[in-house]
Amino acid sequence: MEPLRTDEVGTHLVSRSVRLSAPPVSASLAAMQRPRALWTAPDEPTVVGGGVAVAVEADGPERLARVRRSAAALFDGADVDAPDAARPRFFGGLAFHEEATGRDPWADFPAARFVVPEAQVVFDGGDAWLTVTALDGEADADTVGDRLAELRETLESLDDAPPEGPPGVSDRHRTTSVEAWHESVDAAVSRIRAGDLQKVVLAQALEVELDRPAAAPDLLARLGGTYPDCHRFLVEPNGGASFLGATPERLVSLRGREVETGALAGTTGRGDTDDEDEWLANELLGSEKDNHEHELVAETIREQLAPLSAEIRVGDRGIRKLATVQHLWTPIDATLERDEHVLSLVDALHPTPAVGGLPPAAALGVIRDTEPFDRGWYAAPVGWFDADGDGSFAVALRSAIVEETLATLFAGVGLVADSDPDAEWDEVQLKYRPVLDELERDD
Ligand SMILES: C=C(O[C@H]1C=CC=C(C(=O)O)[C@@H]1O)C(=O)O
């Protein structure tokens, strides 16, 4: 189906839901038609999607406002018969920059794309719900009901199989050599010291040739084992690519007027022993450089929320431990002054200085001028929203785009005045690990 690109959406959604005896998540995802979607977040229902009831795409500075208007027109007058848990949602995300470049490997990823899946399975505690959605010009409640019954049978007969192991890596290619990295970091640090900007996040990409095609559901299932507290996501455009990851960074979630977000910036590794791990955590907590890098993120998020909020609550700075790294982390919650759509919050917050820099325009200029590859959807918002404008978005870090036997991984680091190119290089390599560990075979 061609995505809708106009604000003049003349049709509406027809949606029906049924309770399922919960099928296995990974097998459900594997059973879905492309394009597939997966969303798992701490304290939220897991959602699997497949196929397209409707897709909305937009680009340019107004891309989120345009997506929001198209979605509102589709939800307005929608014929939805579903309990709250099973309500239809739009899933998708954005490119990091406002315009899509169309460069490989991102050729099929527009600057913004959100899809209401034809089939959506929500796993909420022990319950599971299947929702089938169509456009009213293409189906009516009866045909949607027939499809619901057919899919229910398929899903309820799925077996739970353990995920396949890593595909194996035969070759790898870095977009940035050590020498080029040193040059870029030195140049960025000089500009920061000269006062042109306060912080910039520079990234690298790693292309990896696989021994066999990697199955996204298997990769995500294994990532779930190692990174259970992260947001795991899968988005697929038209074509054969899958963009997936297990990110520790929530961008924002909105329920009613309650906002949850946080600052995540400042990184160190994990220790081999408990003592070494604690020592590393204490070094990070005491590091002037990392606290400065972190403070710029926390303060900017607070400033961006302030005009929209009746109250903002900034928690204590602490350590977020993941299997391969530990980060400085500050929880930030807010209560909004008035009703807002989660896409307005996404618009206000992206890119935070955890992935862009400060001031944002100067940092984006340095990123565009320096990085020899297209960030595509890496480090950009991915998530979902519903008819009320509630939703949840993560920052697409610790991620890769995978197609057949090629995977491209992305990782970046925040640079401030006293950043050291060698230490930052090592940090990039650590941040590849979550996805890379699931691609490489041990033997
Ligand atoms: C840009 C990335 O991480 C960000 C999030 C947490 C810590 C970061 C840091 O310490 O540099 C980065 O700002 C990435 O993982 O690619």
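Values reported hereafter were calculated over all heavy atoms of this structure, with side chains retained and with hydrogens, waters and symmetry mates removed. Atoms within a ligand are numbered from 1 in the order they appear, just like the ligands themselves.
In terms of protein heavy-atom proximity, atom 12 (C) of ligand 1 is nearest to A354 O, 3.4 Å. Scanning the protein for heavy atoms near atom 9 (C) of ligand 1, the closest one is K431 NZ, 3.1 Å. Of the protein's non-hydrogen atoms, Y378 OH, 2.6 Å is the one closest to atom 16 (O) of ligand 1. Closest protein heavy atom to atom 2 (C) of ligand 1: G412 O, 3.4 Å. Of the protein's non-hydrogen atoms, the one nearest atom 6 (C) of ligand 1 is L264 O, 3.5 Å.
Of the polar atoms of E249, none of the N or O atoms is found under 3.5 Å from an N or O of ligand 1, judged by distance alone. Ligand 1 has an N or O atom lying under 3.5 Å from an N or O atom of G414, backbone or side chain.
Residue contact check: R398 has heavy atoms under 4.0 Å from atoms 3 (O), 5 (C), 6 (C), 14 (C), 15 (O) of ligand 1. Proximity to A411 (heavy-atom distance under 4.0 Å) selects the following atoms of ligand 1: 16 (O). Below 4.0 Å from some heavy atom of V413 lie the following atoms of ligand 1, by number and element: 11 (O). Here is the list of ligand 1 atoms found below 4.0 Å of a heavy atom in H327: 6 (C), 7 (C). Close approach of ligand 1 to E427 (heavy-atom distance below 4.0 Å) involves ligand atoms 9 (C), 10 (O), 11 (O).
Residue contacts with ligand 1, taken as heavy atom pairs separated by less than 4.0 Å, do not involve F410 at all. At a 4.0 Å heavy-atom cut-off, ligand 1 touches T267 through backbone and side chain alike.
Of all non-hydrogen atoms in D290 and L328, the two that sit nearest each other are O-CD1, 3.7 Å. The heavy-atom pair separating A55 from R113 by the smallest distance is CB-NH1, 3.8 Å.
In this structure, G266 counts as a contact residue of ligand 1, since one of its heavy atoms falls inside 4.0 Å of the ligand. Using a non-hydrogen distance threshold of 4.0 Å, A379 does not register as a contact of ligand 1. For E293, the heavy-atom gap to ligand 1 drops under 4.0 angstrom.
Just one residue in the list Y432, W106, W377, F243 forms a ring pair (Phe, Tyr, Trp, His ring centres under 6.0 Å) with F410, and that residue is W106. If you run side-chain contact (heavy atoms from CB on, under 4.5 Å) between L38 and each of L220, V235, V47, only L220 comes through.
For the atom pair CG (L308) and CD (E340), the distance works out to 5.0 Å, reported to the nearest 0.5 Å. How far CG of D104 is from OG1 of T408: 9.0 Å, rounded to the nearest 0.5 Å.
A centroid separation of 6.0 Å or more is found between the aromatic rings of H294 and W329.
For E299 and R302, the salt-bridge test passes: some basic side-chain N is under 4.0 Å from an acidic carboxylate O.
Side-chain contact between R232 and L244: absent, with no pair of heavy atoms (C-beta onward) separated by less than 4.5 Å.
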Report all side-chain donor-acceptor pairs from residues 341-365 shorter than 3.5 Å, counting only partners two or more places apart or in another chain.
from : atom 1 : to   : atom 2 : distance (Å)
H341 : ND1    : L343 : N      : 3.0
S344 : OG     : R68  : NH1    : 2.9
H350 : NE2    : F96  : O      : 3.0
T352 : OG1    : A354 : N      : 3.1

